[in-house]
Structures are given as C-alpha cells and as structure tokens.
There are 2 protein chains.
Amino acid sequence: MESYTEENYLKVIYHLSNLTTGTVQTNAIADKIQTRPASVTDMMKKLAEKQLINYVKYQGVTLTEKGKATAVNIVRKHRLWELFLVKTLNFKWDEVHEIAEELEHVNSPLLIERLDEYLGYPKNDPHGDPIPDKNGNFDSPALVKLSKLKPAEKGIVVGVSEHSSSFLKYLEKIKLTLGTAVEMIEVIEFDGSVDLLVEDTRKNVSREVASHILMRTN
Amino acid sequence: MESYTEENYLKVIYHLSNLTTGTVQTNAIADKIQTRPASVTDMMKKLAEKQLINYVKYQGVTLTEKGKATAVNIVRKHRLWELFLVKTLNFKWDEVHEIAEELEHVNSPLLIERLDEYLGYPKNDPHGDPIPDKNGNFDSPALVKLSKLKPAEKGIVVGVSEHSSSFLKYLEKIKLTLGTAVEMIEVIEFDGSVDLLVEDTRKNVSREVASHILMRTN
DNA sequence: TAATAAAGTTAGATAAATCTAAATAAAATT
DNA sequence: AATTTTATTTAGATTTATCTAACTTTATTA
Ligand SMILES: [Mn+2]
Ligand SMILES: [Mn+2]
Ligand SMILES: [Mn+2]
Ligand SMILES: [Mn+2]
C-alpha cells in the first residue's frame, strides 16, 4: 500500500510524463507538489526502493509499470468522484477538483466499483478527461486546440487543458462549455485571438483561452 | 484544523463518554484506538493544548464544547456516508462502517451539506443511530434492549448496540433487521435467551444477541 | 573549453505520531 | 497502614515527511 503522500507524488509524475517526452525532472515535481526539491529527492529514493519509479541520480524519473498502474488508478478514482459530485450532488464543474483530491485517496476497490456502476461506467469526467476503466484502459482521441482550427472549420468542445476555477467559470459565462458546437471564423493576426461562431453568435476569445479549449473536429 | 489522527481520538473520546459517567480513561482510549497508553498520553497533552479536551494528569479526560462539536461533526459525516453507501450504492449494512471510517475525514462542509440534502436530511443511519444535523443537534429517544422486554410486550427494532459485521449479518439471517415488529413471549430462566414472536413465527435468540437489539415500545 | 548558471543531491534538523522500558501515582487488597 | 496491583506518565527512540544550507553535477554560454 502507498501512503497518501506517495500517491500524490505518483499522480504528479504521471501527469508530468504526459506533458514531456523524456524523464520527469525533480524541480518540475517540486513545483507541482508545492514542496522543495530536496524533499522530492528523498521521496524519489523511497519510490524507487518500492519499484514504483525508475530513478537515476540527476537524470530524472519515469514510472515503472507498477507505478503507472497505481497512478492511473488514482486518476480513475479522482475522475469518477468528480463526475459523481457534478451529476449526483449538483456541483459545478469548477467546484469539484479540490474535493476529489481528497476523495481519490479513500481506499476501497468495492466502493469505486459501485460508484462506477452507479454512474453507468462513464467514459469521461466533467472536464472531458477520459476515465480509466477497472483495468486502467481508456481511449484518448487526438484532440485539437480551438486556437488551431482553420477558418470555416467546425468542431465540438470536448475538453479543457486548464482546470482552474477561474478558467472554468469564464467558459461557463461565455457559453463555451463541453458539447458546444463552434466554427472558426478567423485568427486575428495582431494578438492571436480568435473570432468564432457559436450558436449563430459571433464571439472573440483570447489566444490564451482558445489554446486551452480542446475540440473534436471529425 | 484537526489532523486525521486527532479526529479519531476525539471521536473515540466522544463515544466512550456516552458509555461511562465520569471521565474517559487513558487505557480505554488506547484499547479502542489500538495503540499504547503512552501514545494516548502524548495525544491528550496535544488535544488539551488545543482546548479540545479537559485533561488532568492521572484523572482522565472530558471533551470541551469545542471538542464535542468537532466530534459530533465527525459522527455526522460518518453516519451520512454510511447511509449514502446503503441507499445509493447498494451496500449492505454490515459493509459500510470501514469505508465510512475513511470518508468521515474528507474535509468539505459543502460536500456534507449537499450529501445531507441529497439524502433528504435523514434522521438515522443504517444502524438506527441518529444523524446529527448541521448544528450538531439530534434526538436520541430512550430505547429498551430486546432482552429487557416483559412477556407479551411488543416493540419495533430500531437500533443495534453492536456494529460488527458478524452480528449484523446474523440479524439479517434471522430477519431481525430495523423496522421489524417483535413480541416477547418469555425469557428462558436457564440461559437468559428469549422466545419471540416475529411475524407470526416463534424464534429463540441468545441473551447476548437480544441485549444488542434496541427497541421502541411506544 | 573555461566560467557561470541551473538543477539536483546530501547532511543534518524538525514536527507528528508512534513505540518500549522505566518510573510514578492511584486503587485495591491484605 | 502497608503491600500489591493496576493505571498512567515520562524519557528516550523510531518512522515519515518535510525543511534549510551547503555541496555536486549537468547544462549553458561566452
Ligand atoms: Mn480534477
Ligand atoms: Mn477532471
Ligand atoms: Mn459506523
Ligand atoms: Mn452506523
């Protein structure tokens, strides 16, 4: 069994692995976990000892199969709880992350199995992120950033790459939530902002915002 | 804020306070929490420092108002989660305690508020125990042990004073679950066991079992 | 390539929660 | 009242997770 703290390190390493190509750096972990690099080094030794990561001094880390499976399971729990909070307890999508950060550490495989069943074996969480199944499998179709659509190209908002409450609330406000159909009109050369057609209405959003909205374009 | 460990100590002190008249003893706490008396003493100093208990060396402890409010809130969370597990996720009443022991420490007043609302502001958990409301209030009507009913006296099973899985499964098996109407026939002098009438069927249960079944007799 | 900067590690401390063994206080018995 | 037993506390360690300050390695740049 892994401690609460170990689980958080594994989860962070997992998420960082998906953002970079090579190994995950000590300082990157320290940043995410809000701790000191020295503390990260200590924990890396411990996780390596437990065969959860591959660690070479000064060379960063990667997850072992065992470490990856553990991390994916935590992500599964996190996302199932987030969906439960939104669907059953009527939370908004910007309110659930912090609570799920705690709930994800509750250790009861049966509880998660029942929660999954109750929710109807869902494939995505309230932010569009895929929910791994009991075996850790999930599909992550290649999505395109809204900021990268070509003029006249259409798509559906299916995810976000930024989960802060302020960002999610803003999307809510401008009605660019999951499931919304969007057509690109043009990218403004001056500032990279985009003009869009959303349900027959023209809208402009900044490059920053558009780059965090993920589209399915088929 | 109290740590996970501090919360468990407070909860145990609270439950023990309701079983005894005077102060709660060091060894009693150590027993319940499965730790050493020396560790309890250490924690008592810490909780006293935080004004959560009244502690006099060698004289046992009592909860302060602040400590009691904290403990009652943990009990509230525990019981709401137990009811949720039974009502929504289809757990049996003998399966929920251990999971609730973890869930009760998740710290989100809004989550508990929403859970309470979702469950319809219930008054009792799956074992018949009262669920304190948001302000810590609850009613605990005086209940009588099934073993104490007089011959021909009738009552309804509304609680249990033993929460082990084996006991609860046994009650399930002999159909003496919450809500069941029971009439006392006689107490067998030899072994204290009781002959009962349960839905037109005669049943005999041991004194031990009968003493853990709580009745409303109106 | 030598100097500098950035990244990462080590050594030694600290706080929380626990333990064992020894000491002390309170309660129960003679 | 003295003795014995039981309950509780203290002293000193241990484990986990963290930190600061100093040091080492790797990467960058001149
Ligand atoms: Mn989240
Ligand atoms: Mn999410
Ligand atoms: Mn319980
Ligand atoms: Mn209960």
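All values reported here derive from a predicted model rather than from experimental measurement.
With rounding to the nearest 0.5 Å, the separation of OG in B:S206 from NE2 in B:H212 is 9.0 Å.
Pairs of residues two or more places apart, or lying in two chains, that qualify as ring pair (Phe, Tyr, Trp, His ring centres under 6.0 Å) and include a residue from residues 103-131 of chain A are A:Y4-A:H105, A:H127-A:H163. Residue pairs meeting the ring pair (Phe, Tyr, Trp, His ring centres under 6.0 Å) criterion with at least one partner in residues 15-60 of chain A, sequence neighbours excluded, are absent.
In this model, the phosphate group of C:dT20 is approached by a side-chain N or O of B:R36 to a distance below 4.0 Å at OP1 or OP2. Taking only side-chain nitrogens and oxygens, B:T35 comes nearer than 4.0 Å to OP1 or OP2 of C:dC19.
Residues meeting the side chain to side chain donor-acceptor pair (under 3.5 Å) test with B:E172, sequence neighbours left out: B:W93. By the side chain to side chain contact (heavy atoms under 4.5 Å, CB included) test, A:Q59 pairs with A:V56, sequence neighbours left out. Shown here are the side chain to side chain donor-acceptor pair (under 3.5 Å) partners of A:D116, two or more places apart in sequence or in another chain: A:R76.
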Summarise how protein sits on nucleotides 5-11 of chain C as a single string, 5' to 3': B when a protein heavy atom is under 4.0 Å from the base, S for sugar-phosphate-only contact, - for no contact.
-> --SSBB-

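Among the heavy atoms of the strands lying under 4.0 Å from B:Y9 are primed sugar atoms or P, OP1, OP2 only; no base atom is included.
Between the C1' atom of D:dT10 and the CE atom of B:M43 lies a distance of 17 Å, rounded to the nearest Å. D:dT18 atom C1' lies 12 Å from atom CD1 of A:I33, rounded to whole Å.
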